Amino acid sequence: MPGEARKLTVEDLKRIKEEHRATFTLREGGYRAKVTVNMGTCGIAAGAREIMNALVEELSASGAKDVIVTTSGCGGLCSREPMAWVEIAGQPVVRYCDLNGQKIKRILKEHILDGRVVEEYALAVGDETSY
Amino acid sequence: MGNYRGNLVICGGTGCIAGGGAKIRDAMQAELAARGLEKEIGIVMTGCNGFCAKGPIMTVYPDGTFYEKLTPADVPLIVEEHLLKGRPVEKLMHKDPVLKRAVPAMHDIPFFNLQVLRALRNKGLIDAEKIEEYIARDGYMAAAKALLQMTPEQIVNEVKASGLRGRGGAGFPTGVKWELCARVQGDVKYILCNGDEGDPGAFMDRSVMEADPHVVLEGMIIAARAIGAHKGYIYVRAEYPLAVSRLQMAIDQANEYGLLGKNILGSGFDLDVEIYQGAGAFVCGEETALMRSLEGKRGMPIPRPPFPAVQGLWKKPTVLNNVETYANIPPIILNGAGWFRELGTEKSAGTKVFALTGAINNIGLIEVPMGIPLRKVIYDIGGGLKQGRQFKAVQLGGPSGGCIPKELLDTPVTYEDITQTGAIVGSGGMVVMDESNCMVSVAKFFLEFTTDESCGKCPPCRIGTKIMHGKLKDITEGLGKPGDIELLQDLAHDIINTSLCGLGQTAPNPVLSTIKYFRDEYEAHINEGWCRAGVCRPLTTFYIDASKCIGCGACARACPQKTVSGEKKKPHSIDQSGCIKCRSCYEACKFGAVKIGPGSLKQKLLEEAEAAKGVSE
Ligand SMILES: Cc1cc2nc3c(=O)[nH]c(=O)nc-3n(C[C@H](O)[C@H](O)[C@H](O)COP(=O)(O)O)c2cc1C
Ligand code: SF4
Ligand code: SF4
Ligand code: FES
Ligand code: FES
């Protein structure tokens, strides 16, 4: 864009706005889905970084603009790390455990983007009391 | 562009940069790279967040954790704990003076969450140097609507219906001003923006220009279309280098994208905008003086009429609006006058930005709905007075304004109600004062400012303010005479009635309002030689009340003259011969044992001490 002069139209304004939606979803809230990767000591030891890397990479590639990724401390179930929680607006939290890069990519595609819980990796659905 | 899982929004405003904000960014960049997080976490530099006293500040998204007073040494800790492990660092969070605890998230901090951001809606949210981020927040959509879907009359009517009044000080209805100019025939008209911001302590406009420069341009495009102008100037004081460079960058980007220049957004409408750097004289903020200054002449006011809407810059029809006024325009055009009126009162619609400073806990820039009681601003947003202090007055409107006392703290902040008290909303300076402020000295401070800044054209303003300042100086030095108060009042009315411009017409306000509410203080100065606040040295004696002193020695340790003495746990006393009246002991004593007496007390105490010596010898 920079360099050569480019005259914008209203359509261009709308397109630029759409391109930057992910950034402002992050800063202003209003996201559709939130993935929390447990990054406590045990999580990191168990390979939470690999999960995080795979997630951020795939998410960028997918072009999704309404998903945010965040971290939390120890999930309290160290033996089943790496773990991640998926929250989709209006639905109960789904906790996934024993993750690896492949599994999180599948979760991203099937659950976060397409809305189907990946039952076989899920530890529990719902709040703290469920485990 | 890739998606980030987190954004670090670091304040790049003048205040935070002065406190080392750029070093935080550099340290953060290095640390993220060292930890391999640079593709996951993005760094954004914004303009001023309005909380400069706590700077350098940074907000971490998506969680919104707010960190204050950062140093580069804090950076590795934040990266390790918060960004890697997801555990926000409590010791770097904001400690709220009212809630008395650390508040993790920006949106939970009373200072921020009681505000309503309209003019400042992009504050701390966008990278001020990226036009795409402005566009992503609906930027230039209002200009598009105004240029492609509305007639000039419709724009004028929308702004008129909104009830928006000029935010630069006088509060003149913006739509009415535009209508006057739109009706004047003429091929050449000018659209101007006033970014002179001359009130001491004010930084509302600087903050908008630094944090969101495109909003100024968008407001000007819409106004230009409404009145039929094709050339615009932004008048900014040269003391605002960051504002100037951000605005220039914004103008260049807008030109490149066809949002300024010829045929904007394919509408056939042309507008060029240039920056003019003023030398920073207060009077140059006055509209006719500003136009003379732009013409390359000396910045002196001229009589109106003719009004600038008819004969302004180079005698052509001109509209001048304030920075904050322009920042309100795009949302009015996008959302309509009805939306704008959802906040504020009938005659004072919308929100207003204030620079809140003085003796309160939370100092900073705030935007609040008009009609909010002063008390709420000072105690809820401002976090109340600093520990142990008593509220005395709040000064509104700077050198043109006045002081509002405790009894009137429930006054709603509207143009009408504030004017009723003898102060003005003005451009939005709000200085909170406690019992350690001497009101005569406050008046003297403002008069000194206006005496210096008077352009000298009108004798009542040039000479009258000087005489008033001299009288005030006399009173603070113990040379006041009975009748001085009446003399000040008479002079004030003469100056108000016979000065040409707003400077002279409002310069006496700080004196009149302090006489109105704190006349007893003037009288104590003149009749008793006593400045009860202990500010005017000739009218003050510091002494220790033996019945209250527990002998902690705090006063003695604080005294630079080593003139306080006493045994531990026994009442202390001040040897007046060495005292320079610096207040240190008064501030240091936690038991209220150090007292402020009239100036004449010093001599009495000296004589007593002399006599006591004689007896003991
Ligand atoms: C002495 C004096 C100084 C002024 N300084 C400023 C200033 O710094 N910024 C400003 O916007 N208006 C200032 N004004 C008000 C302007 O004359 C003018 O009313 C205003 O810029 C118009 O814009 P508005 O209607 O959007 O407020 C000043 C007025 C006077 C009398
Ligand atoms: S009132 Fe004062 S500042 Fe204004 S024109 Fe007259 S002399 Fe100049
Ligand atoms: S006013 Fe200052 S100089 Fe005087 S006694 Fe107190 S601390 Fe010492
Ligand atoms: S400069 Fe950072 S808050 Fe004002
Ligand atoms: S020394 Fe007197 S009260 Fe502190």
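Chain A is the first sequence line, chain B the second, and so forth, proteins listed ahead of strands; every chain is numbered from 1. Nothing here was measured: the structure is a model prediction, and the numbers come from that model.
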In this structure, CG of A/Leu13 is separated from CG of B/Leu265 (nearest 0.5 Å) by 5.5 Å
Kindly determine whether A/Phe24 and B/Ile126 satisfy side-chain contact (heavy atoms from CB on, under 4.5 Å), including the steps that lead there. CA-CA 9 Å; A/Phe24 288 94; B/Ile126 65 167; 3.7 Å; yes
Partners passing salt bridge (charged side-chain N to carboxylate O under 4.0 Å, His left out) against B/Glu367 (at least two apart in sequence or in another chain): none
Under 4.5 Å from any heavy atom of chain A, what part of B/Leu259 do you find: side chain, backbone, both or neither? side chain
Where do A/His20 and B/Ala136 come nearest, in terms of heavy atoms and distance? CB-CB, 3.4 Å
Cationic N near anionic O, under 4.0 Å, A/Arg49 to B/Glu40: yes
Side chain / backbone / both / neither for B/His82 at chain A, heavy atoms under 4.5 Å: backbone
Value rounded to 0.5 Å, distance of CD1 in B/Ile131 from CG in A/Leu8: 7.0 Å
Regarding A/Glu28 and B/Arg137, does a basic nitrogen lie under 4.0 Å from an acidic carboxylate oxygen? yes
Cut-off 4.5 Å, heavy atoms of chain B, and the answer for A/Ile68 is side chain
Hey, could you give me the CD1/CD1 distance between A/Ile16 and B/Ile135, rounded to the nearest 0.5 Å? 4.0 Å
Only one of A/Leu59, A/Thr70, A/Val56 forms a side-chain contact (heavy atoms from CB on, under 4.5 Å) with B/Arg5, so which one is it? A/Val56
A/Ala64 versus chain B, heavy atoms under 4.5 Å apart: side chain, backbone, both or neither? backbone
Note: A/Arg27-B/Glu133 ion pair, threshold 4.0 Å (strictly below): yes
Side chain, backbone, both or neither: which part of B/Lys39 has a heavy atom under 4.5 Å from chain A? backbone
More than 12 heavy atoms of other residues, nucleotides or ligands under 6.0 Å from CD of A/Glu120: is that the case? yes
Just wondering, more than 12 heavy atoms not from B/Gln154 lying within 6.0 Å of its CD? yes
Between A/Leu26 and B/Tyr61 the two heavy atoms that sit nearest each other are O-CB, 3.6 Å
Is atom NZ of B/Lys130 surrounded by more than 12 heavy atoms (other residues, nucleotides or ligands) closer than 6.0 Å? no
Please enumerate all residues that pass ring pair (Phe, Tyr, Trp, His ring centres under 6.0 Å) together with A/Tyr31, with sequence neighbours excluded. none
Working to the nearest 0.5 Å, report the span between CG of A/Asn38 and NZ of B/Lys85. 13.5 Å
Applying a strict 4.5 Å limit to non-hydrogen atoms, the region of B/Val44 in contact with chain A is side chain
Residue, of B/Ala144, B/Gly266, B/Gly6, that accumulates the most heavy atom pairs under 4.5 Å with chain A: B/Gly6
